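First comes the structure, then the notes that go with it.
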Amino acid sequence: MAHDHSHPHPHQPDLEETPLTHYQAMTEAVGQLLIEKGIITGEELRATLESIDSKSPAGGARVVARAWVDPDFKARLLVDVNKAAEELGIDAGIIPIRAVENTAGVHNVIVCTLCSCYPRNLIGLPPDWYKARSYRSRAVREPRAVLAEFGTAIPDDVELRVHDSTADLRYMVLPARPAGSEGLDEAALAELVTRDCMIGVTLPKSPGA
Amino acid sequence: MVLRRHHDMGGLDAGPVDPSGPGAEHDYAPWEKKVDAILRLVSDQKRRIITVDELRRGIEELGPGVYDELSYYERWIASITNLLVEKGVIEIDELGRRMAEITADWPAGGVADAEPKA
Amino acid sequence: MTARFAIGAKVSVRAAYPPGHVRTPFFVRGKTGVVTEIMGAYRNPEALAYGRDGEPALPLYRVQFQTAELWDDYGGGAADSTVVDIYENWLDPAEA
């Protein structure tokens with residue numbers, strides 16, 4: 001995985017044996033022209049690529065684990081994720097992110113039916129299925145069937161609340177702390193938090209599983 | 001009169017979600033991340049050349065056929081490039097020349113997908 | 001920012017179909033929901049999308065719908081709901 005972005009040279013050695021597609025050539029050309037025209041610098045491009053690579057579900061997992069052990073932090077997180085993440089030294093960007101909390105009575109699921117809005121500045125780039133027609137189309141109409149495809153069953157007496165991120169905010173799920181996790185410290189709790197449970201299509205891992 | 005636009009797909013019938021399919025865990029290709037990085041830079045507070053809403057509008061205006069045929073980041077770079085040309089940031093001629101050079105220099109060449117579709 | 005609707009207000013989404021860039025999904029148009037949160041004012045995406053400045057900014061609401069009221073054949077729980085972020089220009093007061 002982790003490709004080396006420490007140099008802006010366009011020819012990634014592992015890709016040179018694959019023919020370049022039209023849109024790959026377009027991407028490369030646009031990047032070069034923007035740099036030559038002084039609109040962006042190679043350094044800015046490199047730094048932005050590094051920033052993209054630095055975001056992963058681990059950032060969200062740390063935030064969730066802290067919320068599980070610190071009720072005051074959780075209260076702040078539910079008001080403003082970006083600000084709360086900053087307390088942990090995590091830069092979640094300027095697009096406002098809100099957390100929606102799973103409780104005994106409510107299970108939340110996030111989708112973007114119009115495009116693929118996603119809290120990428122906190123948890124990284126979305127999985128392909130999140131951007132796919134099947135998820136975007138069906139998550140609002142038959143969310144329980146979609147969750148079943150992830151092996152997730154939510155009891156019928158629990159409200160399934162689907163959030164369509166259509167506008168200027170991004171959403172993440174604050175999952176409920178799993179049973180049996182009482183003795184775990186914050187780092188061990190963060191290990192239970194997966195990307196998918198922050199989208200709401202699964203529950204956190206069970207301790208010891 | 002078309003009521004529902006093609007990108008506005010909430011509630012339509014579609015096949016099963018594939019949670020473990022290709023792309024569920026994979027790292028994005030370097031060129032895909034570069035598209036994302038370019039968008040972040042040209043839309044940032046310093047530059048404000050493109051808004052996310054313009055990007056989205058440009059993607060929607062690719063039309064139903066192309067929208068479904070292109071991959072996610074192909075749609076992005078197609079829209080970004082159109083916007084940069086419209087706004088006079090880059091010229092079509094220099095873009096075409098540069099793409100041809102890059103493809104010619106590429107060790108494995110280019111694929112035939114640059115052919116205009118009938 | 002003066003928000004036209006208060007939290008708890010019943011609102012109807014306009015059954016409108018403009019042929020351009022809007023951020024109100026088709027599946028909630030013409031439907032009735034309840035304002036659960038007022039998120040502040042954001043520049044109008046319907047103008048920003050075409051290179052304009054998006055001013056004046058529009059109040060943005062979170063509107064909650066009963067999922068069973070969105071789909072005739074909804075097969076999930078009776079309490080299931082769907083929350084969508086909707087700009088003020090798309091909302092009308094709902095008949096009580």
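In what follows, chains are A, B, ... by sequence order, proteins preceding strands, each numbered from 1. All values reported here derive from a predicted model rather than from experimental measurement.
For the 3.5 Å distance criterion, the side chains of C:Tyr74 and C:Asp80 qualify, holding a donor opposite an acceptor. Using modelled atom types and a 3.5 Å distance limit, the side chains of A:Arg195 and A:Tyr130 yield no donor-acceptor pair. Between C:Gln64 and C:Thr82, the side chains place no donor N or O within less than 3.5 Å of an acceptor N or O (distance only, hydrogens not considered).
Put simply, the side chain of C:Val34 does not reach to within 4.5 Å of the side chain of C:Val11, judged on heavy atoms.
For C:Thr67, the part lying under 4.5 angstrom from a heavy atom of chain A is the side chain only. In this structure, the portion of A:Thr113 lying under 4.5 Å from any heavy atom of chain C is its side chain and not its backbone. Interface residue C:Glu37: only side-chain heavy atoms are found under 4.5 Å from chain A. Contact of A:Arg144 with chain C is made through the side chain alone, with heavy-atom distances under 4.5 Å. Heavy atoms closer than 4.5 Å to chain A are found nowhere in C:Leu70, neither backbone nor side chain. Using a 4.5 Å cut-off between heavy atoms, A:Val100 contacts chain C through its side chain alone, with no backbone atom that close. In this structure, chain C has a heavy atom under 4.5 Å from the side chain of A:Pro96, while its backbone stays farther away. Using a 4.5 Å cut-off between heavy atoms, C:Tyr87 contacts chain A through its side chain alone, with no backbone atom that close. Proximity to chain A is limited to the side chain of C:Phe27, based on heavy atoms less than 4.5 angstrom apart.
Ionic pairing of A:Glu86 and A:Lys83 is not present here: no N-O contact between side-chain nitrogen and carboxylate oxygen is shorter than 4.0 angstrom.
Among all heavy-atom pairs drawn from A:Pro143 and A:Leu160, the shortest one is CB-CD2, 3.4 Å.
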